[in-house]
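A short worksheet on the structure shown next.
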There are 2 protein chains.
Amino acid sequence: MDLRTRNKQATREAISRAALRLAVEQGPGGLALVRVHDIAEAAGVSPRTYNNYFSSREEAICAFQADQSKRAGQALRARPADEPLDQAVIAAMIELYTDPEPDRAGLRMIMSTPELEGEALKAFSMAEGPLAEAIAMRTGTDPARDLFPAVMAAAVAGAVRVAGRHWLEAGNAESFAAVLRRALSCVVPADVRNLTTKDR
Amino acid sequence: MDLRTRNKQATREAISRAALRLAVEQGPGGLALVRVHDIAEAAGVSPRTYNNYFSSREEAICAFQADQSKRAGQALRARPADEPLDQAVIAAMIELYTDPEPDRAGLRMIMSTPELEGEALKAFSMAEGPLAEAIAMRTGTDPARDLFPAVMAAAVAGAVRVAGRHWLEAGNAESFAAVLRRALSCVVPADVRNLTTKDR
DNA sequence: ATCTGATATTGCGCGCCGCGCACTATATGC
DNA sequence: GCATATAGTGCGCGGCGCGCAATATCAGAT
């Protein structure tokens with residue numbers, strides 16, 4: 001990859017990290033106190049530059065989650081091709097979202113701050129497109145006709161979100177991986193054939 | 001209900017309707033041209049009053065979808081108690097979202113305008129809470145321990161969203177009810193017992 | 001090592017937005 | 001018909017997003 005591009009990504013990440021850190025410092029109640037000026041300063045960049053990378057504080061704060069979700073497709077595609085869909089999806093999502101174990105404070109910030117709700121949903125739902133594509137590949141279905149890939153992708157993304165919420169509310173009782181597996185088991189059918197055929 | 005409250009709701013709806021109408025007029029590309037001033041004027045209200053009801057144009061535009069989603073719980077609860085979960089959910093969602101058949105232009109506006117993406121996701125996801133509660137009632141599960149109700153609710157809301165997108169992209173080939181049924185069939189298990197037991 | 005062209009960063013300024021506050025208009029319930 | 005809670009409004013402030021043009025920075029060729 002181009003060095004120039006790498007520097008850009010570094011700047012982007014610096015801004016994003018600064019934004020999330022400052023937001024976490026204020027807690028879910030004080031998002032209004034996180035000024036663009038502060039984010040830019042903490043990232044060592046001018047306010048105008050901050051706005052070249054993100055068009056809202058919310059977007060900057062949730063950027064990490066968004067980027068992670070975008071990798072959902074490749075995570076599933078990385079699973080062995082002969083693995084059953086349900087196992088592949090569960091393994092892929094656990095790998096994607098628990099490497100490393102999520103930051104509690106950060107996740108709590110983006111998931112329980114009303115002003116961030118829309119952006120957080122956007123961040124998680126960014127997994128849907130790539131995921132649907134990967135699922136379609138695996139099941140050999142045509143995304144234009146079959147609803148199954150897109151619906152399943154949305155269900156998986158939703159399960160991840162619910163798992164996150166539950167993991168935040170419960171204490172350290174369970175690892176996120178365990179919660180995630182439980183959640184995904186509710187929507188990823190062990191045998192998917194009867195559903196796809198019904199859907200054709 | 002109090003008359004005063006009804007007038008408030010009427011005002012709220014007037015603003016919301018005006019906002020959506022103006023947005024549709026500009027199309028998904030020109031949301032920036034929909035000024036608060038115009039919305040307020042079209043609703044016969046001062047800009048300041050508009051802001052007493054909605055804290056952003058996006059929220060005003062998506063208010064109808066949001067309100068509809070909020071009724072998901074009662075829609076499911078209105079189904080006969082002895083009806084199997086899968087049939088009840090499908091029937092309830094079809095009743096809720098196809099009475100009347102959705103407005104194509106309006107739905108297209110909120111679902112394919114990038115600036116509205118977050119708010120639209122919020123609107124659809126507002127069904128999840130009430131829906132999860134109703135599902136928990138039906139299945140007799142404890143939402144605090146079992147993930148199933150919340151996960152299923154998220155999956156259903158996601159399926160509705162995907163169905164909407166598909167219905168917009170396809171022409172008049174299918175009624176929305178038909179698409180909705182197909183989408184929901186992908187995630188609502190015909191026999192839910194094996195999943196709930198696995199989840200306990 | 002130097003130059004050069006591309007590109008990232010920045011400063012400035014405009015228009016709009018969300019909202020707190022205080023005031024006014026309204027009509028509900030007595 | 002009146003008192004009073006409540007909805008609507010005008011004003012003003014601070015902040016934000018972004019277009020534009022100038023500047024700084026750096027990769028790559030010579």
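Since this is a predicted model, take the numbers as computed values, not measurements. The sequence lines fix the lettering, A, B, ..., with proteins before strands; numbering per chain opens at 1.
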If you measure only the distance, is there a donor-acceptor pair under 3.5 Å linking the side chains of B/Ser69 and B/Tyr97? yes

Can B/Arg104 and B/Asn172 be counted as having a side-chain donor-acceptor contact under 3.5 angstrom? yes

Could you tell me whether the side chain of B/Arg108 and the main chain of B/Leu168 form a donor-acceptor pair under 3.5 Å? yes

Euclidean distance, atom CG of residue A/Asn7 to atom P of D/dA24 [Å, nearest integer]: 19 Å

Check: B/Arg57 main-chain N/O paired with B/Tyr50 side-chain donor or acceptor under 3.5 Å: yes

For DNA chain D, determine which residues of residues 22-41 of chain B have any heavy atom closer than 4.0 angstrom to one of its atoms, and list them numerically. none

Rounded to whole angstrom units, what separation is found between the OH atom of A/Tyr53 and the C1' atom of D/dC16? 20 Å

When you measure from the side-chain N and O atoms of B/Thr11 to the phosphate of D/dG8, is any distance below 4.0 Å, counting only OP1 and OP2? yes

Rounded to whole Å, how long is the line connecting atom CD of B/Glu58 with atom C1' of C/dC17? 10 Å

Using heavy atoms and a sub-4.0 Å distance, could you list which residues of residues 42-51 of chain B are near DNA chain D? By number, please. B/Val45, B/Ser46, B/Arg48, B/Thr49

What is the distance from CZ of B/Arg12 to P of D/dA7, rounded to the nearest Å? 14 Å

Any ion pair linking A/Glu128 and B/Arg161 (charged N to carboxylate O, less than 4.0 Å)? yes

For atom CZ of A/Arg57 and atom C1' of C/dC17, their distance in whole Å: 12 Å

Measure from the side-chain N and O atoms of A/Ser46 to the backbone N and O of A/Thr49, and report whether any donor-acceptor pair falls under 3.5 Å. yes

Report the distance from atom CD of A/Glu115 to atom P of D/dC16, rounded to the nearest whole Å. 13 Å

Under a 4.0 Å threshold between the charged nitrogen and the carboxylate oxygen, would A/Glu174 count as salt-bridged to A/Arg182? yes

Keeping the roles fixed (side chain from B/Ser56, backbone from B/Glu59), state whether a donor-acceptor pair exists under 3.5 Å. yes

Ranking C/dT28, C/dC19, D/dT9 by distance to the side chain of B/Asn52, first place goes to D/dT9

Under 4.0 Å between any heavy atoms, over every strand shown, what does B/Phe54 touch: base, sugar-phosphate, or nothing? Just pick one. nothing

Can you measure from CG (A/Asp146) to CD1 (A/Ile135) and round to the nearest 0.5 angstrom? 12.5 Å

For the pair made of CD1 in A/Ile15 and P in D/dC16, what is the distance, rounded to whole Å? 15 Å

